[in-house]
There are 2 protein chains.
Amino acid sequence: MEDGTAERVRPRDRILETARDMFHKHGIKGVGVDAITEAAGTNKMTLYRHFESKDDLVIECLRATACSANAMWQKFEAEHPGDKLAQLHAWVRMAADCLLMDGRGCDMANAAIELSETDHPARRVIKELKQAQRDRLVGLCRDAGIGQAELLADTLSLLLEGARVSLQSVGAEGPSAQFVRMAEGLITSFRAR
Amino acid sequence: MEDGTAERVRPRDRILETARDMFHKHGIKGVGVDAITEAAGTNKMTLYRHFESKDDLVIECLRATACSANAMWQKFEAEHPGDKLAQLHAWVRMAADCLLMDGRGCDMANAAIELSETDHPARRVIKELKQAQRDRLVGLCRDAGIGQAELLADTLSLLLEGARVSLQSVGAEGPSAQFVRMAEGLITSFRAR
DNA sequence: TCTAGAAGTTACAGACCGGTAACACCCTAG
DNA sequence: CTAGGGTGTTACCGGTCTGTAACTTCTAGA
């Protein structure tokens with residue numbers, strides 16, 4: 001029986017999803033493997049049968065996050081096929097929504113801050129995934145016909161990254177409240193050049 | 001003997017300075033009080049005679065950081081007395097220098113990310129100190145004769161915050177490398193309005 | 001020199017952490 | 001029905017963490 005309802009989720013996936021959520025909310029060093037497995041309705045042994053170590057689990061969580069981000073990008077393309085400028089505005093809207101909904105920032109950035117050891121295995125992954133996201137945004141800006149595509153993409157990246165961390169330190173009434181206005185203003189300004 | 005050489009530093013100050021440095025480099029949850037006291041050439045009992053708890057020490061460290069930031073602002077005023085626009089450019093230069101020199105981001109922001117518990121005592125302090133810095137930058141922009149002073153100040157804030165975290169996730173070759181160009185461009189653009 | 005308070009030392013409590021071993025269980029494919 | 005792999009359970013290891021107690025040593029000031 002292949003279980004058409006698909007109700008039964010594999011322990012590995014449950015652990016991964018639960019860990020993602022808990023790492024996101026409480027930070028990596030803020031949750032232990034015991035808490036994760038308990039919340040996932042399983043146990044520590046099962047976790048260590050599927051993941052080599054906590055660090056390994058962290059890395060898999062980051063990859064899963066990157067995968068979700070990919071889905072976002074595909075949604076942009078699906079909703080505005082071929083219209084790169086509309087996709088760029090959709091990116092801004094999505095970013096703003098994340099700011100409003102979420103409260104906690106980017107998992108990769110948070111992990112990078114928390115895992116300060118320069119040789120931590122997750123650092124490689126974070127760097128490469130962040131780099132991929134950057135390239136994607138640069139590509140989008142370029143395809144949208146913006147001259148200084150790299151500069152706009154990098155500026156938007158920094159603005160979003162800054163907004164996410166500002167949200168956590170100053171709060172929602174802080175500078176991050178103006179994110180959309182800043183981003184849209186920048187796009188207009190770069191398009192006029 | 002009042003010790004004119006002032007070589008002898010009080011244990012409390014040694015602990016505070018050492019803790020600041022270590023928290024900055026390795027994060028709050030990344031260093032224990034034992035490591036701090038050992039590096040400060042003292043012991044745990046002395047730490048707990050001067051600070052109620054580790055959280056209390058963290059808060060004092062953040063206040064000390066804010067105090068250092070104040071000194072920066074006074075330096076701007078001293079170097080460019082009355083010339084607010086020059087002080088704004090000095091702020092950009094200082095921010096860029098910090099990015100190049102440091103590698104690790106803003107202590108307050110890092111702490112906010114690490115201490116995810118919403119009721120953590122340090123959160124109040126972080127918020128109020130960050131708010132003060134923001135107000136200061138807004139005031140500088142306004143006094144420099146910029147129309148939309150709040151918007152420029154907030155944009156610069158987010159850019160710097162973003163650059164600091166981007167530095168830790170993507171690295172020095174990432175978007176943060178363009179910080180000065182972005183900031184100067186923004187100032188020019190806002191002045192033209 | 002005497003004294004009081006600050007600082008150092010050692011040991012410990014109690015909790016949590018990541019990770020492993022041994023064993024019992026269940027469920028599904030053959 | 002049966003075999004075997006995935007899973008659950010319990011107990012444990014060694015280490016680290018914050019925080020405290022009791023005691024000794026140092027040092028500055030009268």
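Just so we're on the same page: letters track the sequence lines, and every chain starts at 1. Just so it is clear, the model here is predicted, and its values are computed rather than measured.
Between D119(A) and R123(A), no side-chain nitrogen of the basic residue sits less than 4.0 Å from a carboxylate oxygen of the acidic one, so the salt-bridge criterion is not met. Using a 4.0 Å cut-off between charged side-chain N and carboxylate O, R93(B) and E184(B) make no salt bridge. Under 4.0 Å is where a charged nitrogen must lie from a carboxylate oxygen, and between E161(A) and K130(A) at least one such pair does. Under a 4.0 Å N-O distance rule, the pair E114(B)/K29(A) does not qualify as a salt bridge.
Separating the CG atom of N43(B) from the C1' atom of dA22(D) is a distance of 14 Å, rounded to the nearest angstrom. In this entry the distance linking NZ of K29(A) with C1' of dG18(C) reads 14 Å, nearest Å. Remark: P of dG18(C) and CG of L115(A) are 13 Å apart, rounded to the nearest angstrom. Rounding to whole angstrom units, CE of residue M45(B) and P of dC23(D) are separated by 14 Å. Rounded to a whole Å, the CD1 atom of I36(A) is 14 Å from the C1' atom of dC16(C). Remark: C1' of dG18(C) and CD of E38(A) are 16 Å apart, rounded to the nearest angstrom. In this structure, F51(A) atom CZ and dT20(C) atom C1' are separated by 18 Å, rounded to whole Å. Counting to the nearest Å, the P atom of dG18(C) and the NE2 atom of H120(A) are 12 Å from each other.
Atom CG of L158(A) sits about 5.5 Å away from atom OG of S166(B), to the nearest 0.5 Å. Rounding to the nearest 0.5 Å gives a distance of 14.5 Å between NZ of K25(A) and CG of N110(A).
Under the salt bridge (Lys or Arg N to Asp or Glu O under 4.0 Å) criterion, D154(B) pairs with R134(B), sequence neighbours left out.
Close to dG8(D), at under 4.0 Å from its OP1 or OP2, lies a side-chain N or O of T46(A).
Shown here is E38(A), whose CD atom has no more than 12 heavy atoms of other residues, nucleotides or ligands within 6.0 Å.
Grouping the Ile, Leu, Val, Met, Phe, Trp and Tyr side chains by contacts below 4.5 angstrom, directly or via other members, places M72(A) with F179(A).
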Between the protein and nucleotides 4-6 of chain D, list the N/O to N/O atom pairs that are separated by less than 3.5 angstrom.
none

Using nucleotides 13-18 of chain D, report all nitrogen or oxygen pairs with the protein that are shorter than 3.5 Å.
{"residue": "dT18(D)", "atom": "OP1", "partner": "K54(B)", "partner atom": "NZ", "Å": "2.8"}
{"residue": "dT18(D)", "atom": "OP2", "partner": "V33(B)", "partner atom": "N", "Å": "2.8"}

